Amino acid sequence: MNAKFLKPYDPQKTEDKIYKLWEKSGFFNPDNLPNRHKDPFTILMPPANANGDLHAGHGLVVTIEDIIIRYARMRGKKALWLPGTDHAGFETQVVYEKKLEKEGRSRFKMKPKELYKEILDFTLINKKNIIEHIKKMGASCDWSREKFTLDKDIVKTVYKTFQKLSDDKLLYRGKRIVNWCVKHQTSLSELETKSEEQTDTLYYIKYGPLIIATVRPETKFGDTAIAVNPNDARYKKYIGKEIKIDTQIGKNILKVIADDFVEPEFGTGVVKVTPAHDPNDFEIGLRHNLEVIEIIDKYGRLNKNTGKYEGLKIKEARKIIVEDLQNAGLIEKIDENYKHTIKKCYKCLSILEPRIMPQWFVRMKPLAKPIIEEIEKNNIIYFPKNYKKIMLHWLKNINDWNISRQIVWGIPIPAKICEKCSDGFVDIDNIITKCASCDEDIIKDTDTFDTWFSSGQWPFAVLGYPNSQDYKTYYPTDILETAGDIIFFWVSRMLMLGKYITGKIPFNKIYLNGMVLDEKGKKMSKSKGNVINPLDLTKQYGTDAFRMGMLIGNTPGSNIALSDNKIKAYKHFANKLWNIARFVIENTEDTDLENKPKITESDKKIMDELYKFIENINKDMEEFRFYMAAEKLYNYIWHILADVIIEESKSIFNEDDEKAKLSKKWTLYQILTVCLKLLHPFTPFVTEEIWQNLPKKDSGFLIISEWPNDKNL
RNA sequence: GGGCGUUUAGCUCAGUGGCAGAGCGUCACAUUGACAUUGUGAAGGCCGCAGGUUCAAUCCCCGCAACGCCCACCA
């Protein structure tokens, strides 16, 4: 018996050693794989946000993707799993701002360059850290090709795309109403908002002969019209007329306009129109060519257009203005139980202030169209399939994408801005000096790209589009695996931008995993204090056990509750396998296993069942039911191999039928090697460690051994 | 307002048009044997509710309820 085969199995002593062995072998890099690995097979790791530790969700992603790539590798594919990290623009800046706050500092008191440098240092430390964590999970990715979203070549590709969008008239700089976060001092895309229902007060205010209903009386100084429904008989006579409004300041003559947007049933059927501070009113304003009067500044305070209320914050202003209106007898009614939804910043949950700002927008409908077609033709397959509907619905209702962010942490937008007319010009080569619209001096755009604008180009950017050999070999990739909650942020953008730039969709299979929840099924969050660090679990139970526990019982798309007990069960399993191997090796080490002996009838039956089992597992693997394959392996190994086959073999080994003994030994050894292979993608460490200790092996490494099939047994 | 998902053992969840499954937990017994990170066995179920299709429904269809999630420009 091999002296290394100590009991029980000790993951701590094994895992780092095995991982180093793999790294040294070079087989993570497809260029180093033996000749039989010809057809490329590619997956890209979703670039991890380099702003903190590995979380449980990463653990699941890495587990599933490692299973996919190890399986492909053993099947003889030229398997590339390309890892990376993301600077994660706004997300990282928010994390860093919290850190600054704790230290009693503020980003608004720092020079942009200083802030950038600090966040860069912070990110690089986290990046290094998170890569170490990914290695701990057993990830067999090609570290020699690792990418970061701020790498020079990635930025270059992103700039080229920006230029192309501009050339193709799919990019424009527009003065449009955007979601402004007062706390973070940046605009956000629609996806970065969170709608929440809340109860507010609805004020019914006299506007001349009419009464309007509003929750935001403080915006009345920005009113530039009153709107009614064109078919509302009550108000027909006012349409087109100008009405005199009793007000403290501001415009006191407002025109009544007719617009279908107004619902006669809601409130009084009359709406005040404030184009500068409400998305609907902004649209009405465009339709009716209304004047736009801004009355709220970027800090959420009323500005000089509000007279004596200037400088007040929205909440204070509302209170005082309502009092003033009441004193003037202008409030008709107050409904304090008005339920509605409002948009909040998805990070800080403060109410977003709609503001008109010049920003860069990408026209999305033309980009979405070809993807809608591909999905409808079933050229893109989702696991689980219900995501098809979700994605189609979103793509069909897509709006233009605001890609400007007023934060320093990100890829600077390569453009020049005219301060006078707020027009903008894409300027990758930094050569433009005058505004083409009004001939004024221009300045460099200080904004950065939405982080998803760069990660949305990940598949072709990391593979070196358009000229590199890697791009030619590995694009399009074979499957995208990621968390279901970023399908709009990331997956859909990769599809659209990938198709737009390269003409080919970057992948045609999309496997979406659910969220990892705490053991009570609640979302993990730092504030709740229920965050489970995957590394703690791997330390305690071993990485193999963690991977099995994450996977089994986890169907694609559904959330999984992570509990200690479950992981513990699979630690026992790893040990069980270890002891099975000890038994088989102990009983076969002096036996000639090269030449197949005569097999008894009962062993033949066992082998036939094994073939069927292999087919069964293969079917699950091909159809991406990894959770199912893993559970079947668990059951076969524990309850058939150990409980039945090994138990029965003991009596044979105790008797004197040498032929039966030899047959049994050969059979046991075959089953063990098959099981090690089948199990390898799921529990790579313990299987490789056992493989390394086998008396006979058909190659040096289990990681590149041939996946079992009828022919190679 | 629209859409999606879930509902199965005490807990966490698989699964199938044909006797209802796993892990953990519980209980009883066994055992130094590859493995106590063990073995054998047991208890535990109106498969959310109500209808329909079928020889047969936990599974397919219709409705309902509860929970969860996503999308949406009624002030």
Side-chain angles (χ1 to χ4, degrees), chain A residues 1 5 7-10 177 190-191 194-195 200 202-205 212-217 219 226-227 229 259-274 278-284 338 340-341 343 354 384 386-394 396-397 399 484-485 487-488 514-515 517 519-523 541-542 545 548-549 552-555 557-587 625 627-628 630-632 634-635 638-639 641-643 646-647 649-650 653-654 668 672:
Chain A
M1 187 88 194
F5 244 104
K7 59 175 184 175
Y9 171 62
D10 184 353
I177 201 141
E190 291 303 314
L191 286 177
K194 189 171 163 58
S195 294
D200 272 316
L202 188 63
Y203 302 93
Y204 289 75
I205 304 170
I212 60 97
T214 183
V215 286
R216 302 201 61 182
T219 61
I226 295 172
N229 189 288
D259 196 287
D260 283 332
F261 163 78
V262 182
E263 297 282 339
E265 289 76 31
F266 185 90
T268 57
V270 187
V271 185
K272 70 187 205 58
V273 184
T274 322
D278 183 280
N280 296 315
D281 293 5
F282 179 75
E283 295 296 326
I284 295 175
Y338 173 59
H340 66 150
T341 52
K343 277 189 182 173
N386 62 298
Y387 272 101
K388 175 181 171 178
K389 247 180 152 175
I390 295 171
M391 185 72 104
L392 275 176
H393 179 260
W394 187 78
K396 285 179 178 174
N397 294 289
N399 289 317
D485 56 359
I487 47 165
F488 304 139
M515 271 195 300
L517 308 172
E519 56 189 331
K520 286 172 193 149
K522 296 268 177 259
K523 205 170 170 172
Y541 303 113
M548 285 293 267
I552 291 181
N554 181 10
T555 50
S558 58
N559 296 339
I560 182 172
L562 184 57
S563 77
D564 255 46
N565 259 341
K566 206 175 158 191
I567 309 293
K568 199 162 102 190
Y570 297 109
K571 178 178 182 169
H572 297 178
F573 175 63
N575 190 53
K576 187 78 183 180
L577 181 71
W578 185 252
N579 283 300
I580 288 168
R582 291 181 67 222
F583 178 85
V584 173
I585 291 168
E586 223 167 51
N587 283 287
R625 287 190 302 265
Y627 61 100
M628 183 58 57
E631 195 175 338
K632 284 175 184 167
Y634 177 95
N635 277 313
W638 200 308
H639 298 302
L641 176 56
D643 291 350
I646 287 186
E647 285 308 316
S649 77
K650 287 177 186 170
F653 291 146
N654 285 332
L668 279 178
L672 175 64

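All chains are named by letter (A, B, ...) in the order of the sequence lines, taking the proteins before the strands, and each is independently numbered beginning at 1. Here the structure is a predicted model, which means the values were calculated and not measured.
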With a non-hydrogen cut-off below 4.0 angstrom, is A:Ile646 in contact with a base, only sugar-phosphate, or nothing?
-> base
OP1 or OP2 of B:G39 under 4.0 Å from side-chain N/O of A:Trp638 | yes
Starting from P on B:U37, measure out to CZ on A:Phe583 and report it in whole angstrom.
-> 20 Å
Should B:U12 form a Watson-Crick or G-U wobble pair with both distances under 3.5 Å, which nucleotide is its partner?
-> B:A22
Sugar-phosphate only, base, or nothing, as touched by A:Ser563 at under 4.0 Å among non-hydrogen atoms | nothing
Any side-chain N or O of A:Lys650 less than 4.0 Å from the OP1 or OP2 oxygen of B:A34?
-> yes
Go ahead and name the base partner of B:A66; Watson-Crick or wobble counts if both distances stay under 3.5 Å, otherwise write none.
-> B:U6
Residue list, ring pair (Phe, Tyr, Trp, His ring centres under 6.0 Å) with A:Tyr570, at least two apart or on another chain = A:Tyr634
Paired to B:C59 by Watson-Crick or G-U wobble criteria (both distances under 3.5 Å) is none
Check every strand shown and say whether A:Tyr570 touches a base, only sugar-phosphate, or nothing at a heavy-atom separation below 4.0 Å.
-> nothing
A:Ile552 has an atom CD1; how far is it from atom P of B:G23, in whole Å?
-> 10 Å
Should B:U38 form a Watson-Crick or G-U wobble pair with both distances under 3.5 Å, which nucleotide is its partner?
-> B:A30
Grab the NZ-C1' distance between A:Lys566 and B:C13 for me, whole Å please.
-> 7 Å
Considering only the C1' atoms, how many Å lie between B:A72 and B:C55, rounded to the nearest integer?
-> 48 Å
Below 4.0 angstrom from OP1 or OP2 of B:G5, is there any side-chain N or O of A:Ser558?
-> no
Rounded to the nearest angstrom, tell me the gap between atom CD1 in A:Ile580 and atom P in B:U37.
-> 16 Å
A:His572 side-chain N/O to B:U38 phosphate OP1/OP2 under 4.0 Å | yes
Which base, if any, makes a Watson-Crick or G-U wobble pair with B:C73, both distances under 3.5 Å?
-> none
Does A:Tyr338 make a side-chain N or O approach to OP1 or OP2 of B:C74 shorter than 4.0 Å?
-> no
Quick one: label A:Asn575 by what it contacts on the DNA or RNA (base, sugar-phosphate, nothing), any heavy atom closer than 4.0 Å.
-> base
When we call it a touch if two heavy atoms are under 4.0 Å apart, what does A:Ala569 touch: a base, just sugar-phosphate, or nothing?
-> sugar-phosphate
Rounded to whole angstrom units, what separation is found between the CG atom of A:Asn635 and the P atom of B:G15?
-> 14 Å
Would one find a side-chain N or O of A:Tyr627 under 4.0 angstrom from OP1 or OP2 of B:G15?
-> yes
Any A:Lys389 side-chain nitrogen or oxygen under 4.0 Å from OP1 or OP2 of B:C4 | yes
Letter by letter from the 5' end, nucleotides 60-72 of chain B scores (B base, S sugar-phosphate only, - none; protein heavy atoms under 4.0 Å) -----------SB
Measure the distance from CD on A:Glu263 to P on B:G1 and round it to the nearest whole Å.
-> 13 Å
Taking atom C1' of B:G23 as reference, at what distance in whole Å does atom NZ of A:Lys632 sit?
-> 17 Å
Any side-chain N or O of A:His639 less than 4.0 Å from the OP1 or OP2 oxygen of B:G23?
-> yes
Whole-Å distance between B:U37 P and A:Lys571 NZ?
-> 10 Å
